Trainee: 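Quick one: this structure, given as structure tokens, is what I'll be asking you about.
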Amino acid sequence: MAFSQDPSSDLLLQRDCAAPPEEYSSSSSTSVSIDGGDDRSNLSSGVSTPTGGTPPPPSPTLRLLKNRGGQREPSGGLMVPTDQRTAAGEISRTPSPMGLIPIHKSWGKLIHKHEVPRKLLHVSMGGLATYLYTHGYQPRNLTPWLSLALVPIATADYLRLNHPSFNRFYIRVLGALMRESEVRGTNGVVWYLVGSLTVLLVFPKDIATLSVLLLSWCDTAASTVGRAWGRYTPRVRKGKSLAGCVAGFVVGAVTAAWFLGWIVPSTPRFQDDPVEGLMWKGRLGFDSGRGSGEDTGWGWIEGGWALGLMSLCTGLVASASEAMDLWGFDDNVVIPVVSAVGVWGILKIFG
């Protein structure tokens, strides 16, 4: 059996499939090496027979790797991907039998299935954003530091994707925070910084901060609930379930109610606050006096009703941004940008 020379085909090879060389003959087999010649990584194209002539029992590790982007090979049951993008996307949320990230095999449930270290980092960014907002740090002062952080992180990502030895070292150090789809793809931290920088540069301070909170907490909630119960609900699109969307909506609404109803009103105005730094005024509606220079107050709702309605709208925007596929962009860019555009648009029209 011949394997594709495309690098993505390495993703579907399993280290422990081959029989030990001292027990089975490999004279009629073709070996394929992973990681540049490690003898333990060689696979046979078929199951070789022992010198006695009786076929060995099938190894429990020699099993079919379920990947809709591949073709089933009768000799060995391995999948060879026909589409690199499909293959990478498929394995990103499956168990880790291939050993692409060694620590994922050692801590399968904690790190790979539930992504606890990755989610803790994700959630902590929301806490950091809240702290910076309440202590008067302005977006114009934060963006240079975020840009400075992006340079070495993006450079390291470029180097590891072009130098396999550095990639292996990178994975050993930071593998607990990575997904298998990122072994040969851009690290999510790069996109997280890009998305955060975009909203901080473009949108008012309160909208930008809220969109970072939605990225931090709604995305985590949708991913957690979707992995646990998504199989019991309809699929919204590939990789997105109704359960995850509902979780994103609930957490988005609660986040908006907490931020707009408590954090924004309780945070004092700072001397260097931008003039148009706040869009949320605590009310929603349509002013019939607009255009005449006269505020009649007609059609406005304020207080808890306005906060509740705005929170529900924010939850819907957050859930939609988490579920949509926007030209293939990473969720860490789509969620904050789409959320900021949606919330800004609502407040621009009705705020």
Side-chain angles (χ1 to χ4, degrees), residues 7-8 10-16 34-36 38 40-41 61 65 67 87-129 131 146 149-196 212-213 215-228 230 239 244 247-248 251 322 330-333 335-336:
S8 65
D10 292 346
L11 300 178
L12 301 176
L13 300 180
Q14 192 167 339
R15 291 177 179 273
D16 300 326
I34 307 176
D35 292 341
D38 187 349
R40 293 173 299 174
S41 303
T61 59
L65 300 180
N67 187 302
E90 287 296 323
I91 66 169
S92 65
R93 296 183 180 275
T94 59
S96 182
M98 290 81 72
L100 300 178
I101 304 177
I103 196 171
H104 281 216
K105 294 183 68 177
S106 305
W107 300 86
K109 287 188 177 180
L110 180 71
I111 293 179
H112 189 89
K113 183 178 180 181
H114 299 297
E115 295 186 328
V116 172
R118 184 184 181 99
K119 285 182 169 62
L120 287 176
L121 177 63
H122 218 62
V123 169
S124 68
M125 293 298 102
L128 177 60
Y131 174 85
L146 289 176
L150 180 61
V151 172
I153 292 174
T155 301
D157 225 43
Y158 173 82
L159 290 175
R160 73 176 185 85
L161 293 176
N162 289 276
H163 299 279
S165 59
F166 182 69
N167 196 18
R168 288 192 291 271
F169 170 76
Y170 189 98
I171 290 169
R172 281 197 298 270
V173 175
L174 297 173
L177 301 174
M178 297 175 64
R179 288 176 175 167
E180 287 193 333
S181 59
E182 294 171 348
V183 170
R184 297 181 184 275
T186 305
N187 197 314
V189 176
V190 174
W191 298 122
Y192 201 108
L193 288 172
V194 170
S196 300
V212 173
L213 296 182
L215 167 63
S216 178
W217 297 338
C218 291
D219 188 36
T220 302
S223 174
T224 302
V225 173
R227 284 172 180 247
V251 173
E322 203 281 330
D330 190 90
D331 283 353
N332 291 319
V333 175
I335 293 173

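All values below come from the heavy atoms of this structure, side chains included, with hydrogens, waters and symmetry mates left out. Model, not experiment: these values are computed from the prediction.
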Trainee: List for me each residue that meets salt bridge (Lys or Arg N to Asp or Glu O under 4.0 Å) alongside Asp330, sequence neighbours excluded, and say none if there are none.
Mentor: none
Trainee: Of all the heavy-atom pairs spanning Val333 and Val194, show the shortest one and how long it is.
Mentor: CG2-CG1, 4.2 Å
Trainee: Check Ile153 against Leu193 and note the closest heavy-atom contact, atom names and distance.
Mentor: CD1-CD1, 3.7 Å
Trainee: Distance-only, no hydrogens or angles: does the Asn332 side chain make a donor-acceptor pair with backbone N or O of Gly188 under 3.5 Å?
Mentor: yes
Trainee: To the nearest 0.5 angstrom, please state how far the CZ atom of Phe169 sits from the CG atom of Leu159.
Mentor: 12.0 Å
Trainee: What's the shortest heavy-atom distance between Arg118 and Leu177, and which atoms?
Mentor: NH1-O, 2.9 Å
Trainee: Counting only heavy atoms not in Phe166, do more than 12 sit closer than 6.0 Å to its CZ atom?
Mentor: yes
Trainee: Which heavy atom in Ala176 sits nearest to a heavy atom in Pro117, and how many Å separate them?
Mentor: O-CB, 3.8 Å
Trainee: Show which side-chain atoms of residues 119-129 pair as donor or acceptor with protein atoms under 3.5 Å away, not counting sequence neighbours.
Mentor:
| from | atom 1 | to | atom 2 | distance (Å) |
| --- | --- | --- | --- | --- |
| Lys119 | NZ | His114 | O | 3.3 |
| Lys119 | NZ | Glu115 | OE1 | 3.2 |
| Lys119 | NZ | Ser223 | OG | 3.4 |
| His122 | NE2 | Leu215 | O | 3.4 |
| His122 | NE2 | Asp219 | OD2 | 3.3 |
| Ser124 | OG | Leu120 | O | 3.3 |
| Ser124 | OG | Leu121 | O | 2.7 |

Trainee: Between Ser196 and Tyr192, is there a donor-acceptor pair closer than 3.5 Å when you use the side chain of the first and the backbone of the second?
Mentor: yes
Trainee: Looking at every heavy atom in both Arg160 and Thr186, which two are closest together, and how far apart are they?
Mentor: NH2-C, 4.2 Å
Trainee: In the structure I gave you, are the side-chain heavy atoms of Ile171 and Val183 within less than 4.5 Å of one another anywhere?
Mentor: yes
Trainee: What distance do Leu161 atom CG and Glu182 atom CD have between them, rounded to the nearest 0.5 Å?
Mentor: 10.0 Å
Trainee: Work out which heavy atom in Val251 is nearest to a heavy atom in Ala221; give both atom names and the distance.
Mentor: CG2-CB, 3.4 Å
